[in-house]
Amino acid sequence: MIGMKQMVAVSAIALMAATGVAKAQEPLNAEVIHWWTSGGESAAIKVFADAFNAAGGKWVDNAVAGGSAARSAAINRIVGGDPSTAALFNTSRQYHEIIGEGLLNDIDEVATKNNWDKVLPAPIAKAVKVDGKYYAAPVNIHMPLWIWYSNAALSKAGVEKPPETMDEFFAALDKLKAAGITPLALGGQRWQENSLFSAMLTNVGGGTLWKSVYGDKDEAAIRSPEFRKVIETFISLKPYVDQASPGRNWNDTTALLIKNEAGFQVMGDWAKGEFKQANKEIGKDYGCIPGLRPDSPYVLGGDVFVFPKTDDAEKVKAQNLLVEIMTQPDVQVKFNNLKGSIPIRSDVDVASLDACAQLGMKIMSDPARQAPDASQMMEESVYGSVQDIVTELWNTPMTVDQAVERFEKALKG
Amino acid sequence: MGAELTRHVKRNLVAYIALLPMAVVVIFAYLGTMAWSVRLSFSSSKLLPKNDFVGLTQYFTLFDTPRWLTSLGNLVIIAFFFLLICFALGCLLAIFIDQNVRGESLFRTVFLYPYAMSFVVAGLVWQWVLNPDLGIQHTMHGLGFTGFVLDWVVNPKMVLYAVIVATVWHGSGLVMALILAGLRGVDTEIWRATRIDGIPTWRVYLSIVLPMLRPMIITSLVLLSISIVKMYDVVVAMTNGGPGTASEVPAKFIMDNLFERANIGLATAASTVMLVTVLLVMAPVIYSQYFRKSGRAS
C-alpha cells in the first residue's frame with residue numbers, strides 16, 4: 001500500500017511538473033473521455049475539439065470503444081481520484097449517483113449565463129439539473145424511435161404514401177408481406193427489441209401512457225386496457241419480422257432498407273448516417289416518420305458531458321470553457337449535422353439541417369410533445385429488468401397477463 | 001512441541017521469507033477481493049460501492065429475477081452435455097490417435113488447434129456457420145435444397161445446443177491432449193500381459209487403462225468445469241444471450257449488472273452464489289486429489 005501511495009505521489013509531482021511547464025503556453029488542458037469512435041462520430045467530436053482548441057484550450061482526446069466501457073473508465077478514474085476533465089454519458093440517470101456522492105462539479109455559472117432554463121427543452125433540463133443546479137452539459141438530442149422506410153420497397157409493394165396512423169402502418173406491413181419483402185426490419189438484440197416496444201408504447205399508448213407507465217410507474221396505468229393494447233400490438237408484429245433477425249446488429253438491419261429488402265425499421269436518428277454513407281437521399285430513397293398519431297410524443301434521448309470534481313482553478317476554467325464551446329449555437333449545428341442528432345437549443349439556425357432533423361426540431365418546439373427517454377425516468381437496473389421482459393415477450397410465447405404482471409413487478413419492485 | 005516448531009521455523013526462515021510476496025499477493029489480491037465482493041453482496045450498492053448492510057435483500061431479489069433463474073438452468077444443461085460430450089469425445093480421439101496412426105502429429109495438431117483459439121473467435125465462427133443467412137443453411141439453399149433448415153442460433157429452443165457444439169469443438173482437443181499424454185505413460189508391459197491373457201482391447205481401455213489415468217481424468221474434468229462456470233465470451237460472441245434470454249449464462253448476468261445496469265449489489269450477490277457453487281463442486285475433488293492421497297502416503 002505504501003508503494004502505491006509513493007507511486008501516486010511521484011506521479012502527482014510529475015503531473016504538476018508537466019502542467020507547470022504546460023502552463024506557460026497552453027493554459028487549458030482538457031482531457032475528455034468519450035466513446036465516439038465510428039466515422040461519423042469521430043468527425044462530430046472533432047468539431048468540439050477544434051472549437052475548443054481555437055478558443056485557447058488544448059483538447060486531449062481519450063476515446064474508449066463502447067459506451068459502457070467508456071463510462072466505466074470515467075467512473076473508475078473519478079473514484080480513483082484521478083478524474084478526466086470531462087466525460088461522456090447518455091442523457092439519463094447514469095450519472096445521478098455520482099452527483100449524489102458529490103463527485104461532479106456543477107456548471108451553473110455557464111448555464112445561468114446562457115439562460116439554459118429557457119433554451120433547453122424541459123425533459124433535457126430535468127435530466128441534467130439536480131437539486132436546482134446544472135451538473136451536465138447536454139450536447140445533442142437523439143430521438144430513438146423514428147420509423148424509417150425504404151421508398152422503393154414501399155412503392156414495389158403498392159403502398160402509395162407512408163403511413164400516418166397505426167392502421168395504415170399495419171396495412172402497409174401486410175402489403176409488403178404479400179409482395180415478398182420483409183415488412184419490418186428488426187435486429188433481434190435486447191435494446192432494439194426494446195426500441196420497437198417503446199415505439200408501440202408511444203404510438204399506440206401515446207405520450208400520457210408513456211409517462212404514467214415508465215415515469216410515474218402507476219399501477220392503474222400498467223393494468224389499464226391501453227397498456228394491454230400496447231403489448232398486444234407489439235406481439236402482433238412478430239410475423240412481420242424475418243427469420244434471421246435474432247442477434248443482428250442495427251446497422252446490418254438498416255442495410256436491409258438500403259438494399260430495399262425490407263420496408264420499415266424503428267431506429268434512432270443515428271440511422272441516417274448509414275443511409276448517408278450509402279449515398280441515399282431523404283425523400284428520394286428513404287424517409288422518416290416521427291410517429292403514427294398526430295400527437296405522438298417526441299422522445300428526447302441524447303448525450304451529455306459531465307465534469308468531475310476538482311479544486312484546481314485551471315481545470316475548472318477548462319471545464320467551463322468546454323461547456324461554453326460545446327453548447328454554442330454554431331458549434332451545435334455543425335456537430336449535430338455530423339452526429340445525425342438535433343441541437344439542444346431551439347435558438348439555432350435550422351436551415352443547414354437535413355429534412356428529418358428539421359422535422360424533429362419543429363415537433364420538439366411544441367412542449368406538449370416533448371417526452372423524456374425511458375432511461376431518464378428510471379434507474380438503470382429497473383430499465384434493465386424492463387428490457388429483459390420486452391425481449392422475453394418478443395422471443396417466448398409469454399401471454400399478455402404474464403407480461404403485465406412482470407411489468408408491474410419490475411417497475412414497482 | 002513448541003521447541004520443535006521454533007526449530008522448524010528457524011531452519012526454513014529463508015524459504016518463508018521467499019514465499020512472503022506470494023502469500024501477500026494471494027491474501028490481498030485474490031482472497032481480499034473475493035471477501036470484498038462477498039461483503040458488497042450484502043450492501044445496497046448500485047453504481048458505486050456502498051458500505052451499508054442490507055442483509056440478504058440482494059439474494060432474495062436475485063432468486064426472484066427470472067433472467068438469473070434462466071441463466072442457472074442454462075448452465076446446468078450446458079454443464080451436463082458439455083462435460084459428457086467433451087470428455088467422451090476427447091477420450092475417444094486420444095484412444096484413436098494412440099493406435100499408432102500415420103500422420104499422428106497432424107491429427108494431434110488439428111484436434112488441439114481449436115483450443116488455441118479464443119472463445120470469442122470460436123463463438124463468432126460458429127455464429128456464422130449456424131446463421132441461416134450466411135452459413136450452412138444458406139449454402140444448402142443455394143445448392144437447391146430449399147427445405148433444409150439449420151437455424152440453431154436463432155431458434156430459442158435450440159440455441160443452447162448451438163453453444164454446446166461450439167464449446168465442445170473448442171474444448172475436446174484439450175481432453176484429448178491430456179488423456180493422450182496419460183496413455184503414453186502406460187507401461188507397455190501391461191499391454192503385453194493383457195494380450196497374452198486374450199483380453200479385448202476395448203476392455204483393457206475401459207477396465208485397466210482409464211482407471212490408471214485417474215489424475216489426468218480429474219484434471220481434465222476440473223479444467224472443463226472451470227470453463228463452464230466462467231463461460232461468457234463464447235455466449236457474447238455467438239448469441240449475446242439471445243434470442244430473448246434463451247442462452248443467458250450466469251457470468252453474463254454478472255457482467256451486465258456490474259457494468260451496464262449499475263447494480264453492483266446484485267452482481268456481487270450473483271458472483272457469490274457462483275463462488276459457493278464452485279466451492280461445493282470442487283471441494284470433493286480437491287479433497288480426493290490432495291488431502292486423501294497425502295494422508296495415505298504418510
Side-chain angles (χ1 to χ4, degrees), chain A residues 1 66-73 75-76 78-79 92-101 103 187-193 241-249 252 256 261 375 379-398 402 405-406 409-410 413, chain B residues 24 28 32 44-50 58 60-61 64-68 70-71 123-124 127-128 130-135 137-138 149 151-157 159 162 235-248 253 255-267:
Chain A
M1 281 340 256
S68 64
R71 292 193 293 273
S72 297
I75 289 170
N76 286 342
I78 292 172
V79 175
S92 65
R93 294 223 181 152
Q94 284 160 358
Y95 46 89
H96 282 207
E97 194 176 328
I98 43 176
I99 296 175
E101 295 288 324
L103 294 170
Q189 294 174 341
R190 195 181 311 258
W191 69 275
Q192 295 184 61
E193 289 158 354
V241 170
D242 66 309
Q243 191 213 4
S245 157
R248 187 165 50 209
N249 288 323
D252 297 332
L256 294 178
E261 286 171 9
S375 63
E379 277 180 23
E380 283 167 285
S381 54
V382 177
Y383 196 27
S385 310
V386 166
Q387 299 192 14
D388 284 345
I389 303 170
V390 170
T391 188
E392 277 192 55
L393 185 57
W394 184 258
N395 290 291
T396 65
M398 194 194 286
Q402 287 169 332
E405 290 294 326
R406 294 269 310 265
K409 205 166 128 198
Chain B
V24 169
F28 285 100
S44 67
S45 306
K46 285 282 181 192
L47 176 68
L48 304 171
K50 261 191 214 133
Q58 300 287 9
F60 286 123
T61 317
D64 202 23
T65 307
R67 185 172 152 196
W68 169 250
T70 314
S71 306
L124 271 180
Q127 207 268 325
W128 287 333
L130 296 174
N131 187 308
D133 262 10
L134 302 167
Q137 182 179 322
H138 185 74
V149 176
D151 59 350
W152 284 19
V153 281
V154 296
N155 182 343
K157 287 199 185 76
V159 68
V235 173
V236 169
M238 216 171 150
T239 65
N240 207 9
T245 54
S247 58
E248 291 287 349
F253 180 92
M255 293 296 279
D256 281 1
N257 276 289
L258 213 48
F259 293 108
E260 263 162 35
R261 298 193 174 174
N263 207 345
I264 291 179
L266 193 68

Verify, without hydrogens or angle tests, whether Glu380(A) (side chain) and Ala262(B) (backbone) share a donor-acceptor contact under 3.5 angstrom.
no

First locate atom CD of Gln189(A), then atom CG of Asn240(B), and finally report the distance between them rounded to the nearest 0.5 Å.
6.5 Å

Here the pair of heavy atoms bringing Gln94(A) nearest to Leu47(B) is O-CD2, 3.5 Å

Turns out that what part of Pro156(B) lies under 4.5 Å from chain A's heavy atoms comes down to side chain

Examine whether an atom of Ser385(A) lies under 4.5 Å from a heavy atom of chain B, and if so say whether it belongs to the side chain, the backbone or both; otherwise answer neither.
backbone

For Gln243(A) against Pro132(B), the heavy-atom pair lying closest together
OE1-CB, 4.0 Å

What part of Asn155(B) gets within 4.5 angstrom of chain A, counting heavy atoms only: side chain, backbone, both, or neither?
neither

Flag the one option from Ser381(A), Ser68(A), Gly247(A), Ala244(A) with the top tally of heavy-atom pairs under 4.5 Å to chain B.
Ser381(A)

From Trp68(B) atom CH2 to Asp388(A) atom CG, the distance as rounded to the nearest 0.5 Å
13.5 Å

Checked Arg71(A), Lys409(A), Glu379(A) vs chain B; the most non-hydrogen pairs under 4.5 Å come from Lys409(A)

Between Leu103(A) and chain B, which part of the residue has a heavy atom less than 4.5 Å away: side chain, backbone, both or neither?
side chain

Where does Ile389(A) contact chain B at under 4.5 Å (heavy atoms): side chain, backbone, both or neither?
neither

Report yes if the side chains of Arg67(B) and Gln387(A) come closer than 4.5 Å at any heavy-atom pair, otherwise no.
no

Between Glu248(B) and Arg190(A), is there a salt bridge with N-O shorter than 4.0 Å?
yes

Chain B contact via Arg93(A) - which portion, at a heavy-atom distance below 4.5 Å:
neither

pair Thr396(A)-Thr245(B): side-chain heavy atoms closer than 4.5 Å:
no

